[in-house]
Number of protein chains: 2
Amino acid sequence: MTRDPKRTRPDAPTRTTLSRAYIAAVALALVDDIGRDRFSMRKLGAELGVDPMAVYRYFPDQEALFDGIAEALFTELDVDTLPWDGPWHDMAGQYHRRLRDTLLAHPHAVTIFATRPLRSPAAIDAGTRMIGQLTAAGIDAADALRILRCLREFTVGHALNLAVLQLGARRRSRKPRPDSAGYNALAYAADQAETGDHFDLGLTALLAALPH
Amino acid sequence: MTRDPKRTRPDAPTRTTLSRAYIAAVALALVDDIGRDRFSMRKLGAELGVDPMAVYRYFPDQEALFDGIAEALFTELDVDTLPWDGPWHDMAGQYHRRLRDTLLAHPHAVTIFATRPLRSPAAIDAGTRMIGQLTAAGIDAADALRILRCLREFTVGHALNLAVLQLGARRRSRKPRPDSAGYNALAYAADQAETGDHFDLGLTALLAALPH
DNA sequence: AGTCCATGTCTACAGTGTAGACACGCCCGG
DNA sequence: CCGGGCGTGTCTACACTGTAGACATGGACT
C-alpha cells in the first residue's frame with residue numbers, strides 16, 4: 001500500500017516555533033497520506049509532535065487550516081516563472097497545465113482546493129497580472145475575467161474528476177471484463193480513451209475558440 | 001434568514017415504510033437547508049421522524065447516502081426529454097445546461113455531486129446513449145468519451161466554482177469599494193462581469209472547437 | 001528584578017458515525 | 001388457527017471529533 005514508505009514530509013525549520021506555512025505544509029502531507037476524511041486535528045498534532053490545540057494559535061479553525069492548504073498548493077505553482085511577457089495564450093496554457101499537474105500530484109487534496117475560493121494575496125496578485133496581460137492584448141477586462149474563469153473551471157473540474165475516479169477505483173475495483181454483460185459502449189470507450197488524456201483536447205479547444 | 005419558511009420537503013408516500021429514494025430526497029432537502037457540514041445522520045433522522053439508525057437499513061453508511069443524493073440530483077435532470085434524435089451538439093448543449101441549472105439550484109449539494117463518480121444504472125445508461133449518438137455521427141468512441149468528459153468537467157467545475165463563491169460571499173461579505181486600496185484590475189473586472197454569465201461562452205467555445 | 005506576552009498544554013464538553021442487541025408487526029407454511 | 005421467521009425501526013454504547021477556556025512556561029523588554 002505505502003509505495004513510498006518514507007513519504008517526504010517538510011523538515012521543521014530547526015524547530016524553534018511553529019508557523020502557518022509549516023503547519024499547512026505538514027497538514028497537506030498528512031492529507032496526501034491518509035485523505036481528507038481520515039484527517040483530524042489530533043493526527044495533525046501528533047505529526048507535528050505537538051499538542052493538537054497548538055494549531056489553533058495559528059488558524060482559527062479547521063476551515064481556515066484548509067484555506068492554508070489551498071494556499072500551499074497555489075504557491076507550489078510557482079507562478080513567477082510563467083511567461084508573463086509573451087502572448088497570453090502561452091501564459092494561460094502553461095498556467096493551467098501546471099495547475100492540473102500540481103492538483104493531480106495531490107489527489108487527496110484536490111477537493112480541498114476545489115471547494116474554497118482562493119483569496120490569498122499571492123493568488124489575487126496572480127489574478128490581476130493575468131487580467132493585465134489579457135487587457136494589454138486588447139481584451140476587455142470583463143471578457144478577460146470570463147475567459148480565465150472558463151479555463152480555470154475546466155481545469156479544476158478536470159482534476160477533480162480524475163482524482164475522484166482514481167480514488168474511487170481503488171476501493172471498488174470494478175472494471176467489467178469485455179465478455180461480461182456490463183461491457184457496453186461506455187466501457188469500451190473508457191478502455192480506449194486513456195483516463196486524463198483529454199485535458200489538452202479541452203484546453204486547446206477553449207483557447208482556440210476564445211478571442212486572441 | 002429563512003426566506004422560505006415552509007421549505008418544500010418531499011411528502012412521505014403515505015408513510016408505510018421508508019425507501020431509498022425517499023430518504024435520499026429528504027437528505028437532499030436537508031443539505032439544501034443547512035449545508036453539508038451541518039448535516040448529520042441524527043438531524044436526518046429527526047427530519048424523517050424516525051430513529052437515526054433506521055437509515056442504515058437502506059444505506060450502508062453516510063458515504064452511500066451521499067451517493068444516493070447525487071443520484072437524486074441526476075434524476076432531476078430528466079434526461080429522457082433530451083433531443084436524442086437531433087444533432088449531438090444540441091443534445092450535449094441542452095444536457096450540460098440542464099446540469100448546470102440543476103446544480104446551481106442546489107448550491108449546498110454541488111460538492112456532494114462533484115466529489116463522487118456517478119455509477120447508477122440511469123447514469124450509465126445515459127452515458128452509453130450519449131456515446132451512441134456521437135458515434136452515430138461518425139465520431140470514434142474514444143474521442144466521443146473524451147469530448148463528453150471535457151464538457152462535463154467544465155460544467156461541474158463551473159457549478160462548483162459558482163456555488164463556492166456564492167456560499168463564501170455570504171459569510172465574508174467582502175467586496176472592496178471602488179475607492180479603496182484593494183480595488184484593483186481584478187475587482188474591477190469582477191464588477192463588470194456578472195458572475196456566472198461566462199458559462200455559455202465556455203460551453204459554446206468547447207462545442208465549436210470540437211469535431212462536428 | 002519584575003512584568004508581559006507569545007506559545008504550547010491540559011481538561012472538558014457537546015456532538016459525530018455507526019456496531020450490535022433488542023422489540024414489534026406482518027406474512028406464510030403447518 | 002397458530003407459530004415462527006423476517007423485515008423494519010429502536011435503543012444503547014463506544015470510539016472519536018472540533019474546539020472553548022483555563023493554565024504553564026520561558027524569553028524579551030523596561
Side-chain angles (χ1 to χ4, degrees), chain A residues 9-31 33-70 108-109 111-112 115-116 167-168 171, chain B residues 9-31 33-70 108-109 111-112 115-116 167-168 171:
Chain A
R9 174 173 319 128
D11 298 340
T14 62
R15 264 324 294 280
T16 58
T17 66
L18 265 37
S19 74
R20 281 179 58 92
Y22 176 63
I23 293 175
V26 173
L28 173 56
L30 184 54
V31 167
D33 271 1
I34 65 178
R36 182 198 181 142
D37 45 349
R38 293 191 188 279
F39 174 92
S40 81
M41 301 302 271
R42 284 166 162 89
K43 288 177 187 165
L44 174 59
E47 208 76 9
L48 288 164
V50 109
D51 189 281
M53 290 304 290
V55 173
Y56 288 89
R57 296 277 174 202
Y58 298 86
F59 296 92
D61 56 9
Q62 197 183 60
E63 205 61 21
L65 171 64
F66 287 166
D67 289 350
I69 290 182
H108 272 125
T111 69
I112 293 179
T115 55
R116 69 200 62 243
L167 265 41
R171 87 194 59 185
Chain B
R9 176 175 317 128
D11 298 341
T14 62
R15 264 322 295 278
T16 59
T17 66
L18 266 36
S19 75
R20 280 179 59 92
Y22 176 63
I23 292 176
V26 173
L28 172 56
L30 184 54
V31 167
D33 271 2
I34 65 178
R36 179 194 183 148
D37 45 348
R38 294 190 187 278
F39 174 92
S40 81
M41 301 301 270
R42 286 168 162 85
K43 288 176 186 166
L44 174 59
E47 208 75 9
L48 288 164
V50 108
D51 188 280
M53 290 303 289
V55 174
Y56 288 89
R57 296 275 173 205
Y58 298 86
F59 296 93
D61 55 10
Q62 196 184 60
E63 205 60 20
L65 172 63
F66 286 166
D67 289 351
I69 291 181
H108 272 125
T111 69
I112 292 179
T115 56
R116 71 199 64 242
L167 265 42
R171 86 195 58 185

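By convention in this document, chain letters (A, B, ...) are assigned in the order of the sequence lines, proteins followed by strands, and residues within each chain are numbered from 1. Nothing here was measured: the structure is a model prediction, and the numbers come from that model.
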Restricting to nitrogen or oxygen on both sides, can you table the protein-nucleotides 18-21 of chain C pairs closer than 3.5 Å?
residue : atom : partner : partner atom : Å
C:dT18  : OP2  : B:Tyr56 : OH           : 2.8
C:dT18  : OP2  : B:Gln62 : N            : 2.9

Starting at atom [atom1] of [X], determine the distance to atom [atom2] of [N], rounded to an integer number of angstrom.
X: B:Tyr22; N: D:dT8; atom1: OH; atom2: P; answer: 16 Å
X: B:Leu44; N: C:dT16; atom1: CG; atom2: P; answer: 12 Å
X: B:Arg36; N: C:dT16; atom1: CZ; atom2: P; answer: 15 Å
X: B:Asp37; N: C:dG17; atom1: CG; atom2: C1'; answer: 16 Å
X: A:Arg38; N: C:dT16; atom1: CZ; atom2: C1'; answer: 16 Å
X: B:Leu48; N: D:dT8; atom1: CG; atom2: P; answer: 15 Å
X: A:Leu18; N: C:dT9; atom1: CG; atom2: P; answer: 9 Å
X: A:Tyr58; N: C:dT9; atom1: OH; atom2: C1'; answer: 14 Å

Can you see if the side chain of A:Thr17 gets near the phosphate of C:dT7 - specifically, an N or O under 4.0 Å from OP1 or OP2?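 A:Thr17 to C:dT7 OP1/OP2: no side-chain N or O under 4.0 Å.
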
For the atom pair NE2 (B:His108) and CG (B:Asp37), what is the distance rounded to the nearest 0.5 Å?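 Reported to 0.5 Å precision, the distance equals 7.0 Å.
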
(request) Could I get the full list of side-chain contact (heavy atoms from CB on, under 4.5 Å) partners for B:Tyr56, not counting sequence neighbours? (result)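 Counting only residues at least two positions away or on another chain, B:Tyr56 forms a side-chain contact (heavy atoms from CB on, under 4.5 Å) with B:Met41, B:Met53.
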
Results of side-chain contact (heavy atoms from CB on, under 4.5 Å) for B:Ala64 - residues two or more places apart only
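Checked B:Ala64 against side-chain contact (heavy atoms from CB on, under 4.5 Å); matches are B:Phe59, B:Pro60, B:Asp61.
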
Base, sugar-phosphate, or nothing for B:Phe59, non-hydrogen atoms under 4.0 angstrom?
->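 No contact.
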
_Among D:dT10, D:dT17, C:dG17, the nucleotide that comes nearest once only the side chain of A:Lys43 is considered_ =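 Ranking D:dT10, D:dT17, C:dG17 by closest atom to the A:Lys43 side chain puts D:dT17 first.
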
By salt bridge (charged side-chain N to carboxylate O under 4.0 Å, His left out), which residues pair with B:Arg116, not counting sequence neighbours?
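Salt bridge (charged side-chain N to carboxylate O under 4.0 Å, His left out) check on B:Arg116 returns B:Glu63, B:Asp67.
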
Worksheet item: Pick one: which of B:Ile69, B:Leu65, B:Leu28 meets side-chain contact (heavy atoms from CB on, under 4.5 Å) with B:Ile112?
Response: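 With B:Ile112 as partner, side-chain contact (heavy atoms from CB on, under 4.5 Å) holds for just one option, B:Ile69.
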
Any side-chain heavy-atom pair of A:Glu47 and A:Ile34 under 4.5 Å: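 No; the side chains remain at least 4.5 Å from each other.
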
task: Under the ring pair (Phe, Tyr, Trp, His ring centres under 6.0 Å) rule, collect the residues that match up with B:Phe39, sequence neighbours excluded.
output: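 Scan of B:Phe39 (ring pair (Phe, Tyr, Trp, His ring centres under 6.0 Å), adjacent residues dropped) gives B:Phe66.
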
